[in-house]
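What follows is a short report on a single structure.
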Amino acid sequence: MGKNLIQQRRGRGTSVYRAPSHRYKGFITHKPFRQETAKGVVTDLIHCAGHSAPLATVRYEDGEQALIPAAEGLAVGEAVMTGTEAEERVGNTMHLKNIPEGTLIYNIELNPGDGGKFVRSSGTFARVVAKTKGMITVLLPSKKRRDFLPDCRATIGIIAGSGRPEKPFVKAGKKYHAARAKNKLYPRVAGLAMNAVDHPFGGSRTSKKGKPTVAPRNAPPGRKVGKIRPRRTGWLRR
């Protein structure tokens with residue numbers, strides 16, 4: 001009883017917790033690096049349920065097509081560049097070693113050539129704050145500073161779609177449909193509100209408000225939820 005936690009059910013990979021990636025438009029990534037600078041044109045701006053930001057479809061001169069997070073101010077028909085000779089302009093992708101300090105960037109590569117891992121949500125941006133020998137320091141949206149290799153690439157600008165977290169959902173139905181688009185569990189409730197089969201804390205009645213939240217020392221996998229070896233419990237009395 002009470003051993004099937006949500007994180008365990010999610011790990012099974014059943015349809016309830018599986019992302020509907022078959023409805024997504026594709027992966028967002030930088031164009032594979034080559035010595036020559038690639039030029040392309042933004043052919044469309046699309047919405048993808050799997051991404052919070054609008055995506056820009058870019059067709060390059062060699063016929064290759066790629067999806068990138070749309071930068072704020074980027075429009076259909078505008079030219080973008082990626083490579084060593086790309087200009088410092090919104091929508092262009094450059095190596096971090098070629099980007100001046102103070103420039104706003106997004107979709108930063110963790111390792112050179114991985115297509116971008118950091119700063120991909122709508123309305124976010126990072127800033128190049130310092131350059132040292134063999135390392136570029138970037139201020140991330142979380143205000144944390146992180147060092148990247150000089151050959152990692154990033155796109156110039158701010159991702160479009162800012163203000164998304166500030167707009168309230170107002171109605172539970174809107175939140176429901178937004179969660180359903182990404183197959184996220186909604187509503188999220190406390191373990192006490194669940195049935196006994198869903199959580200170790202579940203199954204209580206109104207006459208039985210709860211149970212100790214300190215996990216037993218010899219609890220089996222799945223039951224070790226709540227407080228793990230707390231130093232103290234109860235109200236803090238002064």
Side-chain angles (χ1 to χ4, degrees), residues 1-28 45-55 67 69-70 72 106-107 116-126 140-144 158-236:
M1 290 292 289
K3 293 183 181 178
N4 296 328
L5 303 181
I6 289 176
Q7 56 264 37
Q8 291 175 325
R9 295 179 62 194
R10 182 181 290 121
R12 292 178 59 193
T14 53
S15 58
V16 176
Y17 300 101
R18 195 180 303 157
S21 55
H22 60 282
R23 292 203 297 262
Y24 297 168
K25 303 297 182 183
F27 295 99
I28 53 177
L45 296 174
I46 60 176
H47 168 72
C48 177
H51 302 90
S52 58
L55 305 183
L67 281 176
E72 201 168 285
Y106 67 89
N107 197 17
K117 300 294 182 185
F118 287 84
V119 194
R120 291 151 66 102
S121 300
S122 64
T124 57
F125 63 88
L140 299 174
S142 62
K143 306 303 179 188
K144 180 181 178 182
I158 304 173
I159 304 183
S162 61
R164 174 181 53 85
E166 285 79 19
K167 182 179 179 182
F169 281 97
V170 180
K171 297 170 65 176
K174 291 183 178 180
K175 183 74 175 180
Y176 165 78
H177 288 291
R180 188 167 180 236
K182 296 182 179 180
N183 211 18
K184 298 293 184 183
L185 188 65
Y186 182 80
R188 297 182 64 182
V189 298
L192 274 172
M194 296 183 185
N195 294 323
V197 73
D198 292 325
H199 198 276
F201 294 169
S204 63
R205 304 180 298 271
T206 51
S207 60
K208 186 182 178 184
K209 295 298 184 184
K211 56 188 69 174
T213 56
V214 179
R217 183 176 292 276
N218 299 320
R223 174 62 183 88
K224 197 174 279 293
V225 295
K227 298 184 179 67
I228 310 295
R229 309 281 72 79
R231 291 182 178 179
R232 56 174 303 279
T233 59
W235 293 98
L236 181 61

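Atoms considered below: every heavy atom in the structure, side chains included; atoms not considered: hydrogens, waters and symmetry mates.
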To the nearest 0.5 Å, atom CG of Leu185 lies from atom CZ of Arg180 at 13.5 Å
Query - Exam field: side chain Ser52 to backbone Ser122, donor-acceptor pair closer than 3.5 Å - result: yes
Indicate yes or no: at least one non-hydrogen side-chain atom of Tyr106 is less than 4.5 angstrom from one of Thr124.
no
task = Give a yes or no on whether Lys224 atom NZ has more than 12 heavy-atom contacts from other residues, nucleotides or ligands under 6.0 Å away.
result = yes
Scanning both residues in full, the closest heavy-atom pair of Lys182 with Tyr24 reads CA-OH, 4.1 Å
Answer whether the closest heavy-atom distance between the side chains of Leu45 and Pro54 falls below 4.5 Å. no
Subject >> Exceeds 12 heavy-atom contacts within 6.0 angstrom, atom CZ of Arg229 >> reply: yes
On a heavy-atom basis, the closest approach of Cys48 and Lys25 is SG-N, 3.3 Å
Heavy-atom closest pair (Arg164 atom, Ser121 atom, distance to 0.1 Å) is NH2-CB, 4.2 Å
In terms of heavy-atom contacts, Phe27 and Leu67 come closest through O-CB, 3.6 Å
Between Ser15 and Asn183, the two heavy atoms sitting closest are O-ND2, 3.0 Å
Note: Pro69 and Leu55 closest approach over all heavy atoms is CA-CD2, 4.2 Å
Checklist entry - Is the CZ atom of Arg232 crowded by more than 12 outside heavy atoms at less than 6.0 Å? => result yes
